[in-house]
Amino acid sequence: MNYKIIHIQKIGDQRGKLISLESLKNVPFEIRRVFFIFDTVKNISRGEHAHRTSEQAIICLNGSCYFLLDNGLEKAEIILDDPQMMLYIGKNMWRKMYNFSGNCILMVLANDFYDEKEYIRNYDEFLMASQLSKHETEHKK
Ligand code: T46
């Protein structure tokens, strides 16, 4: 599965806490874009797509949210509920975000600019693409 949880160190003192994110240090790629998701609705899911090329690192800054990750063969459920927890998702991974708590704020770092053409929003197309990339990887071995 092309994802991992990265634990981010915090810097804390009596005034509060601080977290710093740096390209190719604690974030495993060069950051080209940052976006936020907020004002979410508890029973309405988001996502339900994969990316052909882009990678993302996601932190839940406030509240919590569930992620369902799927590589076409296996599925995993992750709960993001801690700003020190960064979810890295590589390319060709179907994701769905759901079960948002009140005041959930997701910050998403991406390694590329927004390009709707690199989204796969149809699950059958995703399954075909994931089979194809698995076949190509095996062929290269
Ligand atoms: C992802 C998950 C975690 C833009 O114009 N620029 C942008 O940078 C982004 C991210 C989106 N948009 C537009 C595209 C849609 O018309 O904003 C609208 C909502 O995007 P979407 O329905 O894709 O949002 P989510 O929450 O389903 O997914 C987003 C990201 O798009 C996606 O890359 O992995 O968050």
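FYI, side chains are in, hydrogens and waters are out, and symmetry mates aren't considered; it's all heavy atoms of this structure. Counting starts at 1 for both ligands and their atoms, following the listed order. Since this is a predicted model, take the numbers as computed values, not measurements.
Between Asp13 and the choices Lys17, Lys10, Arg15, the salt bridge (charged side-chain N to carboxylate O under 4.0 Å, His left out) rule is met once, by Arg15. Just one of Ile78, Leu106, Ile37 meets the side chain to side chain contact (heavy atoms under 4.5 Å, CB included) condition when paired with Ile58; it is Leu106.
For ligand 1, one of its N or O atoms has an N or O atom of Tyr119 under 3.5 Å away.
Side-chain polar atoms of Tyr123 and Asp70 form a donor-acceptor pair below 3.5 angstrom. Between the side chains of Glu77 and Tyr98, at least one donor-acceptor pair of N or O atoms lies under 3.5 Å.
Note on ring orientation: taking the six-membered ring where Trp is involved, the planes of His51 and His49 are perpendicular (angle over 60°, cut-offs 30° and 60°).
Protein heavy atom at the shortest distance from atom 26 (O) of ligand 1 is Arg46 NE, 2.7 Å. Shortest contact from atom 2 (C) of ligand 1 to any protein heavy atom: Met97 CE, 3.6 Å. The single protein non-hydrogen atom nearest to atom 27 (O) of ligand 1 is Gly47 N, 2.7 Å, given as residue, atom name and distance. Among all protein heavy atoms, the one lying closest to atom 1 (C) of ligand 1 is His49 NE2, 3.2 Å. At the top of the distance list for atom 33 (O) of ligand 1, counting protein heavy atoms only, stands His51 NE2, 2.7 Å.
With Phe35, Tyr114, Phe67 as candidates, the residue nearest to atom 5 (O) of ligand 1 on a non-hydrogen basis is Tyr114.
Cation-pi geometry between Lys4 and Tyr88 is met: under 6.0 angstrom from the ring centre, within 45 degrees of the axis.
Shown in contact with Arg33 at under 4.0 Å from a heavy atom are these atoms of ligand 1, numbered in order with element: 7 (C), 8 (O), 9 (C), 10 (C). For ligand 1 and Arg121, the ligand atoms under 4.0 Å from any heavy atom of the residue are 21 (P), 22 (O), 23 (O). Of all the atoms in ligand 1, the ones that sit under 4.0 Å from a non-hydrogen atom of Ile37 are 26 (O), 35 (O).
Using a cutoff of 4.0 Å between basic side-chain nitrogens and carboxylate oxygens, Glu125 and Arg52 are scored as salt-bridged.
Under the 4.0 angstrom criterion, atom 23 (O) of ligand 1 counts as having a protein heavy-atom contact. Put simply, atom 18 (C) of ligand 1 has no protein non-hydrogen atoms near it, under 4.0 Å away.
The backbone N or O of Asn103 sits less than 3.5 Å from a side-chain atom of Asn62, completing a donor-acceptor pair.
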